[in-house]
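Following: one structure in structure tokens, then a few remarks.
All heavy atoms count here, side chains included; hydrogens, waters and symmetry mates do not. The first residue of the sequence shown is numbered 1, and numbering continues consecutively from there.
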Amino acid sequence: MILDINRTKAKINIKLTKTGVHSVKNILKFKQLIETSNEENKPTIALKILETDNNIFSGPNWNFNTPDSSDPDDFKIFLEKLLYIEHHFNKEFTFPTNISQRERRIVDLVYHSLKDGELKVPFNQTYYFHLDKKQDIYKLLKLHDENNEVLNIGLDLHSTDKLNLFGLEFKYVSNRVFLENVKLKKPNILQSKYELFEDGDSIRIELIPIEPHSYISEKLLLEVLA
């Protein structure tokens with residue numbers, strides 16, 4: 001960071017502590033400070049002695065020499081979602097060095113489930129699940145035929161697994177999926193498997209979109225473990 005104090009320049013190196021660099025709240029505040037430095041009417045910045053609340057120096061013209069990120073808004077939004085989840089559970093994450101796409105998706109899903117009740121997005125892939133009861137397969141095939149191969153399907157997914165996310169462990173409370181305007185992939189093959197179905201079997205069901213008006217809505221509710 002570079003300060004211009006009455007025509008005198010000062011260069012200050014800022015290093016986050018180990019605690020700070022893994023805190024969602026602190027990283028978000030630092031991100032917001034960097035954004036503020038790019039504003040035209042930015043406030044004066046000051047370096048203070050906290051014990052006495054006295055300024056060592058202050059300056060109105062300051063900026064960070066941090067290179068611009070390719071997706072600054074996306075990163076800020078991601079941090080805000082994490083902070084929202086932290087406030088809901090009254091717990092703090094340990095922010096990692098690297099974040100996987102799976103973790104990003106889980107954060108998105110949990111955030112929208114808490115804030116909006118669900119996460120609804122266009123469906124353009126293949127969704128699969130398993131059925132192990134012949135009667136359920138029969139109902140699905142019958143529904144598929146009666147509705148001209150157009151399905152709206154709701155699923156309650158149950159899991160006893162634990163979910164680890166950024167240092168916190170959760171258990172699944174509810175995991176619901178609703179697919180709108182989809183159809184069975186290769187229904188004839190599914191019909192053949194149904195006819196040969198025996199007790200103990202499990203059949204993989206594959207659903208594909210009916211473009212362009214297919215959607216998937218998901219709601220994931222979690223409970224944080226102590």
Salt bridge (charged side-chain N to carboxylate O under 4.0 Å, His left out) between Arg105 and Glu218, intermediate numbers included: CA-CA 11 Å; Arg105 184 183 179 282; Glu218 297 180 78; 2.5 Å; yes
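Atom CZ in Arg102 sits 8.0 Å away from atom CG in Leu165 (nearest 0.5 Å). To the nearest 0.5 Å, atom NE2 of residue His87 and atom CG of residue Leu114 are 13.0 Å apart. Taking CD of Glu103 as the reference point, atom CG of Asn164 lies at 10.0 Å (rounded to 0.5 Å). Taking CG of Leu168 as the reference point, atom CG of Leu163 lies at 10.0 Å (rounded to 0.5 Å). Rounded to the nearest 0.5 angstrom, Ser217 OG and His112 NE2 are separated by 12.0 Å. Separation of atoms CD (Gln191) and CD1 (Ile137) is listed at 10.5 Å; rounding is to 0.5 Å.
Using a 4.5 Å heavy-atom threshold, the side chains of Leu225 and Lys162 count as touching. Residues Tyr111 and Leu82 have side chains not in contact (no heavy-atom distance under 4.5 Å, counting atoms from C-beta outward). With contacts defined as side-chain heavy-atom distances shorter than 4.5 Å, the pair Val107/Tyr84 does not qualify. Lys81 has its side chain within reach of Asp108: a pair of non-hydrogen atoms, C-beta onward, lies under 4.5 Å apart. Looking at Asn152 and Leu179, their side chains never come closer than 4.5 Å, going by heavy atoms from C-beta outward. Counting heavy atoms from C-beta on, the side chains of Leu28 and Glu80 come closer than 4.5 Å. Side-chain contact between Asn26 and Phe95 is absent, with no heavy-atom pair separated by less than 4.5 Å.
For Lys183, there are no salt bridge (Lys or Arg N to Asp or Glu O under 4.0 Å) partners two or more places apart in sequence or in a different chain. Scanning for salt bridge (Lys or Arg N to Asp or Glu O under 4.0 Å) contacts around Lys142 gives Glu146, with sequence neighbours left out.
Heavy atoms of other residues, nucleotides or ligands lying less than 6.0 angstrom from CG of Asn90 number 12 at most. When the shell of 6.0 Å around CG of Asp116 is examined, it contains more than 12 heavy atoms from other residues, nucleotides or ligands. More than 12 heavy-atom neighbours from other residues, nucleotides or ligands sit within 6.0 angstrom of CD on Gln32. Heavy-atom contacts from other residues, nucleotides or ligands closer than 6.0 Å to CG of Asn148 number 12 or fewer.
Looking at Lys120 and Glu180, a side-chain N of the basic residue comes within less than 4.0 Å of a carboxylate O on the acidic one, giving a salt bridge. A salt bridge is absent between Glu118 and Lys219: the closest approach of a Lys/Arg side-chain nitrogen to an acidic carboxylate oxygen does not fall below 4.0 angstrom.
Leu157 is connected to Leu119 through a chain of hydrophobic side-chain contacts under 4.5 Å among Ile, Leu, Val, Met, Phe, Trp and Tyr, so both are in one cluster. Ile216 and Ile210 fall into different hydrophobic clusters, defined by Ile, Leu, Val, Met, Phe, Trp and Tyr side-chain heavy atoms under 4.5 Å apart, directly or through other members. Tyr138 and Ile203 fall within a single hydrophobic cluster, where Ile, Leu, Val, Met, Phe, Trp and Tyr side chains are chained together by heavy-atom contacts under 4.5 Å. Under a hydrophobic-cluster definition in which Ile, Leu, Val, Met, Phe, Trp and Tyr are linked whenever side-chain heavy atoms come within less than 4.5 Å, directly or via other members, Tyr128 and Ile153 are assigned to different clusters. Hydrophobic clustering, with ILVMFWY side chains joined whenever heavy atoms are under 4.5 angstrom apart, keeps Leu109 apart from Leu221.
Nearest heavy atom pair, residue Leu220 against residue Ser113, reads N-OG, 2.9 Å. Of all non-hydrogen atoms in Pro209 and Val182, the two that sit nearest each other are CA-CG1, 4.4 Å. The minimum heavy-atom distance between Glu86 and Phe93, with the atom names listed, is OE2-N, 2.7 Å. Residues Phe78 and Ile99 come closest through the heavy atom pair CE2-CD1, 3.5 Å. Here the closest heavy-atom approach between residue Leu83 and residue Val24 is recorded as N-CG1, 3.9 Å. Annotation for Phe89 and Leu222: closest pair CE2-O, 3.4 Å, computed over non-hydrogen atoms.
Asn147 contributes a side-chain N or O that, together with a main-chain N or O of Leu143, makes up a donor-acceptor pair within less than 3.5 Å. Judged by distance alone, the side chain of His144 and the main-chain N or O of Val150 form no donor-acceptor pair under 3.5 Å. Checking side-chain atoms of Asn181 against main-chain N and O of His213 turns up a donor-acceptor pair under 3.5 Å.
Cation-pi geometry between Lys134 and Tyr194 is met: under 6.0 angstrom from the ring centre, within 45 degrees of the axis.
Checked against the 6.0 Å centroid threshold, Phe123 and Tyr215 do not count as a close aromatic pair.
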